[in-house]
Amino acid sequence: MPSPVVTRCAPSPTGYLHLGHAYAAGIAFLRARQASGRFLLRIEDIDLTRCRPEFTNAIFEDLAWLGLTWEQPVRRQSEHFVDYRQALDALHEQGLLYPCFCTRKQIAAEIAAAGQAPHGFEGVVYPGTCRQLDHAERIDRMAGGEAYALRLNTAAACARIPAWPLHWHDEMIGEQAVTPDLLLQGFGDVVLARKETPASYHLCVTHDDALQGITLVTRGNDLFPATHLHRLLQALFGWPVPVYAHHHLLTDDSGERLAKRKNAPSLRDLRDRGLNPSAVWQMAGLDPSRILG
């Protein structure tokens, strides 16, 4: 028998949900419902400086108002830093992590001095400065209380994979191949933990999708490139590889994607204007009868 479809909605409580979040949640909910599968809600609140409890409560209220239901208990990532620490420790034991003491300003200055700024999927690719430090200097600087992040040594990680390319499947455009060159040029040595964020989005989302048995990841196409990196993490840990469906992002009248930082109208704003859930689903481009029926 085929495995049951398990989808998830995984918002971050850094603000109130807007129509784009509703669309993403609705897509995941519908895919699970169509397959008589399971729909999970996960709160991705690893950013201890920006996530707030009132936004978490608002997520529950808004999604319930829209007519969505999900399994309990809800996984809150901030309650599971021990899990992510264990994953980081496993990478450290393999020699795949190193402390990076560079500030963003120092990285920018080094790139400027080199006369080039190689850009990857997430901006300028880190030049690998601290990767060259010897073990004794790393220990001394850490013992001295200097702030640092933990970076993945991507070249060393790629060397651990016995066969290339790696593959993952996107329902929209088909089979995708991941190569060491794509990872090194597109991401470089990514940060997997910082002082203010004990584990990165990339590590936590990949870990939790595996832990929770997610078989279908539906998410915005802005995260399409990140899936290449997630495929590397899956290979390093031996985690299963879900199917992905990267959907389009909702935009405003000017063509700009809806975003919290650009003050997109929140779902509670729409509710306060007198709109009902059916009208909101129609605004999102989804058939309300398939969700509310």
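Within 6.0 Å of CZ in F101 there are more than 12 heavy atoms belonging to other residues, nucleotides or ligands. Counting non-hydrogen atoms of other residues, nucleotides and ligands closer than 6.0 Å to NE2 of H167 gives a total above 12.
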Mind running side-chain contact (heavy atoms from CB on, under 4.5 Å) on D140 and E137 for me, showing each step along the way? CA-CA 5 Å; D140 287 345; E137 182 175 353; 5.7 Å; no
Between Y126 and R151, does the side-chain contact (heavy atoms from CB on, under 4.5 Å) criterion hold? Intermediate values first, please. CA-CA 10 Å; Y126 176 65; R151 289 186 181 271; 3.5 Å; yes
For the pair L267 and Y16, evaluate side-chain contact (heavy atoms from CB on, under 4.5 Å) and give the outcome as yes or no after the intermediate values. CA-CA 7 Å; L267 296 178; Y16 293 116; over 6 Å; no
CA sep, side-chain torsions, deciding dist, call: H119, V124, side-chain contact (heavy atoms from CB on, under 4.5 Å): CA-CA 4 Å; H119 277 70; V124 175; 3.5 Å; yes
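You'll find the side chain of L223 reaches within 4.5 Å of the side chain of Y201, heavy atoms only. Using a 4.5 Å heavy-atom threshold, the side chains of Y148 and R141 count as separate. Residues L97 and D89 fail the side-chain proximity criterion, which asks for heavy atoms closer than 4.5 Å. At a threshold of 4.5 Å between non-hydrogen side-chain atoms, the residues F60 and W70 count as touching. Residues L152 and L232 have side chains in contact (heavy-atom distance under 4.5 Å, counting atoms from C-beta outward). No side-chain heavy atom of E44 sits less than 4.5 Å from a side-chain heavy atom of D208. Taking 4.5 Å as the limit, some side-chain heavy atom of H207 sits within range of a side-chain heavy atom of W239. Looking at heavy atoms from C-beta onward, Y244 lies in side-chain contact with R219 at the 4.5 angstrom threshold.
Using modelled atom types and a 3.5 Å distance limit, the side chains of Q212 and R75 yield no donor-acceptor pair. No side-chain N or O of D209 forms a donor-acceptor pair with one of T206 less than 3.5 Å apart.
Of the possible donor and acceptor atoms, one in the side chain of D189 sits under 3.5 Å from a partner among the backbone N and O of T154.
When all heavy atoms are compared, the tightest approach of D45 to R76 is OD1-C, 3.8 Å. For T218 against R31, the heavy-atom pair with the smallest separation is CG2-CG, 4.3 Å.
Using a 4.0 Å cut-off between charged side-chain N and carboxylate O, D272 and R268 make no salt bridge. A salt bridge between R290 and D287 is absent, with no side-chain N of the basic residue lying under 4.0 Å from a carboxylate O of the acidic one.
Screening residues 230-242 for salt bridge (Lys or Arg N to Asp or Glu O under 4.0 Å), with sequence neighbours left out, gives no hits.
The aromatic rings of F39 and F29 stand perpendicular to each other, their planes meeting at an angle above 60°, with 30° marking the opposite boundary. Relative orientation of the Y23 and H248 rings is tilted, given thresholds of 30° and 60° on the angle between their planes.
Partners of I173 by side chain to side chain contact (heavy atoms under 4.5 Å, CB included), not counting sequence neighbours, listed by chain and number: D170, Q176, F224.
In the hydrophobic clustering (ILVMFWY side chains linked at under 4.5 Å, chained through shared members), L216 is joined by V5, V243.
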